[in-house]
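What follows is a set of notes on a single structure, which appears directly below.
Counting from 1, the numbers follow the sequence of the chain as shown.
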Amino acid sequence: MLLFRSAVLILGFGLLAVTASAGPSLVFENNSYDFGLVVQGDPVEYAFTFSNRGDQPLLIDRVKSSCGCTAVLASTRELEPGETGEIKATFNSSQFRGPVSKEISVYSNDRQQSVARLTLKGVVKELVRVTPPQLNFGAIPPNQQSVLEVTLVNQGSNSVTLDQPTTTAAELTASLETKGLAPGEKTSLQVRFQPKPHQVRFSGYVIIALADQTDKELRIPVYAMLK
């Protein structure tokens, strides 16, 4: 009797295992890709390889990214058992700096995981490094002009051209030492602040567009308190 019950239990567990593995099974070779360090504007491309390790056809319903900066495309929408495919991801780093992590969601008819999560991550280095990143003139007397300096460094692998600086307030004026920067080259930005009479505090920006980079600009915050 005990032997019979053991046989039934073993058979039952076997049937559960077969049932659990039946159907389509979406398996990725890697669920995460670290692209390391890139400079703003450099494209990042990677293909996530996947396969159907089930015993029925796998259907990819849709693929979505966590933001519009990451484009994704599936090489195929239907895989027979044993077949492989790719999810191609392209990340636009132009508007990012520092550590980034983007998620990609893959929806399929895999009953064990209807949504598979993929991660694209790394660090984006500023194309032009601004030092210091913001200016604080501190407490200065009214009607007294003050000048501070900012250093700009081209951290990319190509030359960049800086447009003439503009400001968001009449109290600020700015001028560049050099507009064209070769890779690794630096230049100085002179920022002058002339407070208005009876002014108590000030905040504004110095803006420098990159002539050869579409929709790319440097924004340097400027602060001051008046004695």
Side-chain angles (χ1 to χ4, degrees), residues 20-130 133-134 153-161 163 183 205 207-221:
S21 63
S25 177
L26 173 61
V27 179
F28 280 90
E29 186 176 305
N30 294 302
N31 287 73
S32 179
Y33 174 65
D34 190 335
F35 56 78
L37 182 67
V38 299
V39 178
Q40 278 178 334
D42 289 350
V44 175
E45 297 181 350
Y46 184 73
F48 292 93
T49 303
F50 65 94
S51 60
N52 179 9
R53 297 189 185 176
D55 57 7
Q56 294 180 18
L58 173 70
L59 303 178
I60 302 297
D61 180 35
R62 64 189 186 278
V63 182
K64 293 177 61 178
S65 63
S66 57
C67 77
C69 61
T70 307
V72 287
L73 178 66
S75 61
T76 182
R77 293 286 181 177
E78 183 173 351
L79 278 79
E80 294 297 324
E83 291 185 336
T84 61
E86 292 181 341
I87 301 294
K88 297 180 180 179
T90 303
F91 169 64
N92 182 357
S93 63
S94 298
Q95 303 300 320
F96 294 86
R97 66 177 180 179
V100 296
S101 180
K102 301 300 174 185
E103 187 177 86
I104 299 166
S105 301
V106 183
Y107 297 80
S108 73
N109 65 335
D110 183 343
R111 291 188 291 271
Q112 301 302 314
Q113 55 160 2
S114 58
V115 184
R117 310 291 185 184
L118 308 175
T119 304
L120 197 66
K121 62 182 180 179
V123 179
V124 180
K125 183 170 65 174
E126 292 174 304
L127 177 59
V128 178
R129 187 178 72 237
V130 180
Q134 62 183 28
V153 181
N154 178 8
Q155 299 188 109
S157 56
N158 299 311
S159 296
V160 297
T161 303
D163 280 345
Y205 289 91
I207 303 171
I208 305 174
L210 275 63
D212 45 4
Q213 299 285 328
T214 305
D215 298 328
K216 179 64 179 173
E217 64 181 19
L218 308 175
R219 296 178 68 90
I220 305 170

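Remark: Glu45 pairs with Thr90 by the side chain to side chain contact (heavy atoms under 4.5 Å, CB included) rule, at least two apart or across chains. For Arg219, the salt bridge (charged side-chain N to carboxylate O under 4.0 Å, His left out) criterion is met by Glu217, not counting sequence neighbours.
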Exercise. Apply side-chain contact (heavy atoms from CB on, under 4.5 Å) to Ile207 and Leu218, showing your working.
Key: CA-CA 6 Å; Ile207 303 171; Leu218 308 175; over 6 Å; no
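A side-chain hydrogen bond (donor to acceptor under 3.5 Å, both in side chains) check over residues 115-125, counting only residues at least two apart or in different chains, returns the pairs Ser105-Arg117.
Contact check for Pro24 versus Leu59: no side-chain heavy atoms found under the 4.5 Å cut-off. Two residues are said to be in side-chain contact when any heavy atoms from C-beta on lie closer than 4.5 Å; Ile87 and Phe28 meet this criterion. Cys67 is listed as a side-chain neighbour of Lys102, based on a closest heavy-atom distance under 4.5 Å. In this structure, Val38 and Phe91 have side chains that are not in contact, with every pair of non-hydrogen atoms separated by 4.5 Å or more. Residues Leu58 and Asn109 form a side-chain contact, since some pair of their non-hydrogen atoms from C-beta on lies under 4.5 Å apart. In this structure, the side chains of Ile104 and Val63 come closer than 4.5 Å at one or more pairs of heavy atoms. Inter-residue side-chain proximity for Pro183 and Ser159 is flagged as met; some heavy-atom pair is nearer than 4.5 Å. Counting heavy atoms from C-beta on, the side chains of Val124 and Gln40 come closer than 4.5 Å.
Ser94 OG to Asp42 CG: the interatomic distance, rounded to the nearest 0.5 Å, is 8.5 Å. Between the CG atom in Leu26 and the CD atom in Gln112 there is a gap of 12.0 Å [rounded to 0.5 Å]. In this structure, the separation between NZ on Lys88 and OG1 on Thr49 is 10.0 Å, given to the nearest 0.5 Å.
In this pair, Phe35 and Tyr33 present their aromatic rings tilted. The plane angle is within the 30 to 60° band.
Annotation for Ser108 and Gln113: closest pair OG-O, 4.1 Å, computed over non-hydrogen atoms. Closest heavy-atom contact between Pro133 and Pro221: O-CD, 3.4 Å.
No donor-acceptor pair under 3.5 Å is formed between the side chain of Asn30 and the backbone N or O of Ser32. Of the possible donor and acceptor atoms, none in the side chain of Asn31 sits under 3.5 Å from a partner among the backbone N and O of Leu118. Between the side chain of Gln155 and the backbone N or O of Val39 there is no donor-acceptor pair closer than 3.5 Å. In this structure, Asn52 contributes its side chain and Gly82 its backbone to no donor-acceptor pair below 3.5 Å.
More than 12 heavy atoms of other residues, nucleotides or ligands shown are found within 6.0 angstrom of CZ on Phe96. In this structure, Arg77 places its CZ atom where more than 12 heavy-atom neighbours from other residues, nucleotides or ligands lie under 6.0 Å away.
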